[in-house]
Trainee: 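One structure, as structure tokens, below. Some questions next.
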Protein chains: 2
Amino acid sequence: MTTKQNTLYVGSLAKGLRLLRAFDESHTELTLSDLAQRSGLDKSATQRLANTLHIEGMLDKDPVTRRFRPSHAWLQMAYAYYWSDPLVGQTIPKLISLSQEIGETINLAELSGDHIIYVSRLPCKRTYFAATIIGRRLPALSTSAGRAMLATFPEDERRAAVDNWPIIQFTPCTTLDRGSIRDSVERAVHDGFAISTGQMILNEIGVAAPIPGHDGRAMAAVQCSVSAHTWTREKIIAEILPQIQDTANSISPSFQAQRGYSRSPAG
Amino acid sequence: MTTKQNTLYVGSLAKGLRLLRAFDESHTELTLSDLAQRSGLDKSATQRLANTLHIEGMLDKDPVTRRFRPSHAWLQMAYAYYWSDPLVGQTIPKLISLSQEIGETINLAELSGDHIIYVSRLPCKRTYFAATIIGRRLPALSTSAGRAMLATFPEDERRAAVDNWPIIQFTPCTTLDRGSIRDSVERAVHDGFAISTGQMILNEIGVAAPIPGHDGRAMAAVQCSVSAHTWTREKIIAEILPQIQDTANSISPSFQAQRGYSRSPAG
DNA sequence: TTCAAGGTATCATAGTATGATACACGAAGA
DNA sequence: TCTTCGTGTATCATACTATGATACCTTGAA
């Protein structure tokens, strides 16, 4: 009913996934009613599905408050993801070196539709919580990493993206004007890197260099976030950018199982 | 049939989860047949469920090889988990400082049944891949973190755990003798910390201090892994242990939403 | 004590998931 | 070139499973 009419589509499974998606940064612990409300499912369905997820170890349940919480299995999913993403294995050692050299937070971002997602993060300084954890998804147009990647796309795609991809205002400084974003992206086309200021949080500067892909299109970027209190654009370009670009360029565009560990559950 | 006979249990959902669990470190990209085989489901069921997971964005599908892979959604699950775990928000800033001071890899481990799971990892040196990514689950008895936590349990529970929890041989040095493990745990009871050598990988030493819980029982630990080539037990106890213990003890046992960011999707 | 809200349990029914089967495609081999 | 095999895809009648209305508990507030 509420789901697609397709014999290759299992509605119950999809509904279960909706329950999982009900959890996010501001909904960390949900009662049965919360779950029902946020998923749009009726009480009974929610009860059955949540119970199933609990039995299967996907949701923890506080025995006294009866609230559901994501279980450790959610972390194991990230673990499995990491092994499956050929970029990560190749990149992590290099990012570690980089963060040690620079002493600032280094991120690996990938393009995920019209958003970017931070895949690896190596925090060096104390920052706000969300900047330290993986899996964060942000509108590509509002991030240095997103713009750096987009800059490697053909002109018509760039234009379409700048015109259509979503933008959300996070700070008073978040660029909402697509013209300005276009300028920023076109500058990145010329420069080969992108810098943005105060897009996600005030007084934060982001620099990003694209990681070359098969056909020139970058699907990932090395990114560095620093405080505007201690850094200027010029200083960043002089002291951080070269190393970020080196790292980004050192990552092979041929994504073939370069991980080298693929068969070592022990490790 | 194959699933539990319970009206509060949705078999289709459980089957879908089995497909997700088919992916791990050595199975990163699976064909439909692989999935069917590894999940134990028949071809049709696998087809329908995998298709559903694909449509719902949980599995990526290579259009040419037709293989399924974990999608970025798996990372978002970790993101949601992090917000829901009250320990993480409190701990991360302290772990960052700690890793900067010590210059060695710092981990936050939590107890997950009879295993530990690494929740946060701050790699400082180049190591093997599995040591750099979160969500790794290991038998508690074979890790310094697990033993440190177990040491805070009442004696009968300690004994039962040492006798019954699983052990897997990872290296030639992995302790398989439960008597030795018992000694190690009892020493940790006395010392308030645990050290282990070559359990998961040769020439690796792990130190861990338990994070005090409500009732004395630790459900988490701060852990540090170093190379036996550059460190000795004595040097670790002198130079690393105190800081690890300080950090562990500074983490409040009252787990109440000390995160302080709980309501900031923007961040 | 009463009431309300949320969690739990039950059940007849409809409808969805089932899995056998058949078809399509490509690779490997003769 | 023609088979054969392994896979992926599509279809369909049937039965079983998920459904959701309802009623029952429990808890905490009024």
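Each chain gets a letter, A, B and so on, in the order its sequence line appears, and its residues count up from 1.
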Trainee: With A:Arg69, which residues qualify under side chain to side chain donor-acceptor pair (under 3.5 Å), at least two apart?
Mentor: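 A:Arg69 satisfies side chain to side chain donor-acceptor pair (under 3.5 Å) with no residue once adjacent residues are dropped.
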Trainee: When you measure from the side chain of A:Thr143 to the backbone of A:Gly146, do you find a donor-acceptor pair of N or O atoms at a distance under 3.5 Å?
Mentor: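 Flag set: sc A:Thr143 to bb A:Gly146 pair under 3.5 Å.
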Trainee: Could you walk me through whether A:Arg136 and A:Tyr118 satisfy the side-chain hydrogen bond (donor to acceptor under 3.5 Å, both in side chains) test, starting with their C-alpha distance in whole Å, then the side-chain angles of each, then the deciding distance to 0.1 Å, before giving a yes or no?
Mentor: CA-CA 6 Å; A:Arg136 187 160 153 85; A:Tyr118 288 115; over 6 Å; no
Trainee: Considering only side-chain heavy atoms of A:Leu32, which listed nucleotide, C:dT8, D:dT11, D:dT19, is closest?
Mentor: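 Among the listed nucleotides, the one closest to the side chain of A:Leu32 is C:dT8.
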Trainee: Please state how far atom CG in B:Leu35 lies from atom C1' in D:dG8, giving the value in whole angstrom units.
Mentor: 12 Å
Trainee: Compare all side-chain heavy atoms of B:Phe23 with those of B:Leu35 and state whether any distance is below 4.5 angstrom.
Mentor: yes
Trainee: Check the phosphate of D:dA18 against B:Lys15, side-chain N and O only, distance under 4.0 Å to OP1 or OP2. Yes or no?
Mentor: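 So the side-chain polar atoms of B:Lys15 never come under 4.0 Å of the phosphate oxygens OP1 or OP2 of D:dA18.
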Trainee: Give me the residues of residues 63-73 of chain B where at least one heavy atom lies under 4.0 Å from an atom of DNA chain C, by number, or none.
Mentor: none
Trainee: Between A:Ile134 and A:Val119, which heavy-atom pair has the shortest distance, and what is it?
Mentor: CG2-O, 3.4 Å
Trainee: Between D:dT17 and B:Ser12, is there an OP1 or OP2 to side-chain N/O distance shorter than 4.0 Å?
Mentor: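 Looking at the OP1 and OP2 atoms of D:dT17, neither is under 4.0 Å from any side-chain N or O of B:Ser12.
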Trainee: Of A:Arg48 and B:Ser33, whose nearest nucleotide on DNA chain D comes first from the 5' end?
Mentor: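 This one resolves to B:Ser33.
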Trainee: What do the steps show when you test B:Ile96 against A:Arg126 for side-chain contact (heavy atoms from CB on, under 4.5 Å), and what is the final call?
Mentor: CA-CA 7 Å; B:Ile96 294 175; A:Arg126 191 184 167 126; 5.7 Å; no
Trainee: With each end axis built from five pairs of C1' atoms, what bend angle do you get for the helix from C:dT1-D:dA30 to C:dA30-D:dT1? Round to 10°.
Mentor: 40°
Trainee: Pair A:Leu19, A:Thr46 - check side-chain contact (heavy atoms from CB on, under 4.5 Å), show working.
Mentor: CA-CA 8 Å; A:Leu19 290 191; A:Thr46 309; 4.1 Å; yes
Trainee: Is the shortest side-chain heavy-atom distance between B:Tyr79 and A:Ile117 below 4.5 Å?
Mentor: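 No, too far: nothing below the 4.5 Å cut-off.
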Trainee: Please list, chain by chain and in numerical order, all residues satisfying salt bridge (Lys or Arg N to Asp or Glu O under 4.0 Å) with A:Arg121, sequence neighbours excluded.
Mentor: none
Trainee: Distance check needed: D:dT11 P versus B:Asn51 CG, whole Å only.
Mentor: 13 Å
Trainee: Test your reading of the model: is there a side-chain donor-acceptor pair from A:Asn107 to the backbone of A:Ala109, 3.5 Å cut-off?
Mentor: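 No: the side chain of A:Asn107 does not pair with the backbone of A:Ala109.
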Trainee: Sequence neighbours left out, what pairs pass salt bridge (charged side-chain N to carboxylate O under 4.0 Å, His left out) with at least one residue falling in residues 34-52 of chain B?
Mentor: B:Asp24-B:Arg38
Trainee: Write down the protein N/O and nucleotide N/O pairs, taken from nucleotides 27-29 of chain C, whose separation is under 3.5 Å; answer none if there are no such pairs.
Mentor:
none

Trainee: What residues form a side chain to side chain donor-acceptor pair (under 3.5 Å) with B:Glu110, not counting sequence neighbours?
Mentor: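 A:His72, B:Tyr81.
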Trainee: Does any N or O in the side chain of A:Arg67 come within less than 3.5 Å of the main-chain N or O of A:Asp62, such that one atom is a donor and the other an acceptor?
Mentor: no
Trainee: How close or far is atom P of D:dT19 from atom CG of A:Leu41, stated in whole angstroms?
Mentor: 9 Å
Trainee: To the nearest angstrom, how far is B:Leu49 atom CG from C:dT18 atom C1'?
Mentor: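 Distance check: B:Leu49 CG to C:dT18 C1' gives 10 Å.
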Trainee: What N/O pairs connect the protein and nucleotides 24-26 of chain C at under 3.5 Å? Give each pair on its own line.
Mentor:
none

Trainee: Does A:Arg21 have any salt bridge (Lys or Arg N to Asp or Glu O under 4.0 Å) partners at least two apart in sequence or in another chain, and if so, which?
Mentor: B:Glu56
Trainee: Using whole Å, report how far CD of A:Gln37 lies from P of C:dA5.
Mentor: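 Nearest whole value for this atom pair: 13 Å.
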Trainee: Listed by chain and number, what are the salt bridge (Lys or Arg N to Asp or Glu O under 4.0 Å) partners of B:Arg217, not counting sequence neighbours?
Mentor: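 Checked B:Arg217 against salt bridge (Lys or Arg N to Asp or Glu O under 4.0 Å); matches are B:Glu157.
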Trainee: What is the distance from CG of A:Leu13 to P of C:dT16, rounded to the nearest Å?
Mentor: 15 Å
Trainee: Under 3.5 Å, which N/O atoms of the protein pair with N/O atoms of nucleotides 21-30 of chain D?
Mentor:
| unit_1 | atom_1 | unit_2 | atom_2 | d |
| --- | --- | --- | --- | --- |
| D:dA21 | N7 | A:Ser44 | OG | 3.4 |
| D:dA21 | N6 | A:Ser44 | OG | 3.0 |

Trainee: Rounded to whole angstroms, how far apart are CG on B:Leu53 and P on C:dA17?
Mentor: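 Taking atom P of C:dA17 as the reference, CG of B:Leu53 is at 13 Å.
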Trainee: OP1 or OP2 of D:dG8 less than 4.0 angstrom from a side-chain nitrogen or oxygen of B:Thr31, does that happen here?
Mentor: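 Checking B:Thr31 against D:dG8: at least one side-chain N or O falls below 4.0 Å of OP1 or OP2.
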Trainee: Applying side chain to side chain donor-acceptor pair (under 3.5 Å), name anything that partners B:Lys61, two or more places apart in sequence or on another chain.
Mentor: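 Result, side chain to side chain donor-acceptor pair (under 3.5 Å) vs B:Lys61: none returned.
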Trainee: Say you draw a straight line from CG of A:Leu17 to CD1 of B:Ile55; how long is it, rounded to the nearest 0.5 Å?
Mentor: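 Rounded to the nearest 0.5 Å, the CG-CD1 separation comes out at 11.5 Å.
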Trainee: Return the value, rounded to whole Å, for the distance between atom CG of B:Leu8 and atom C1' of C:dC11.
Mentor: 12 Å
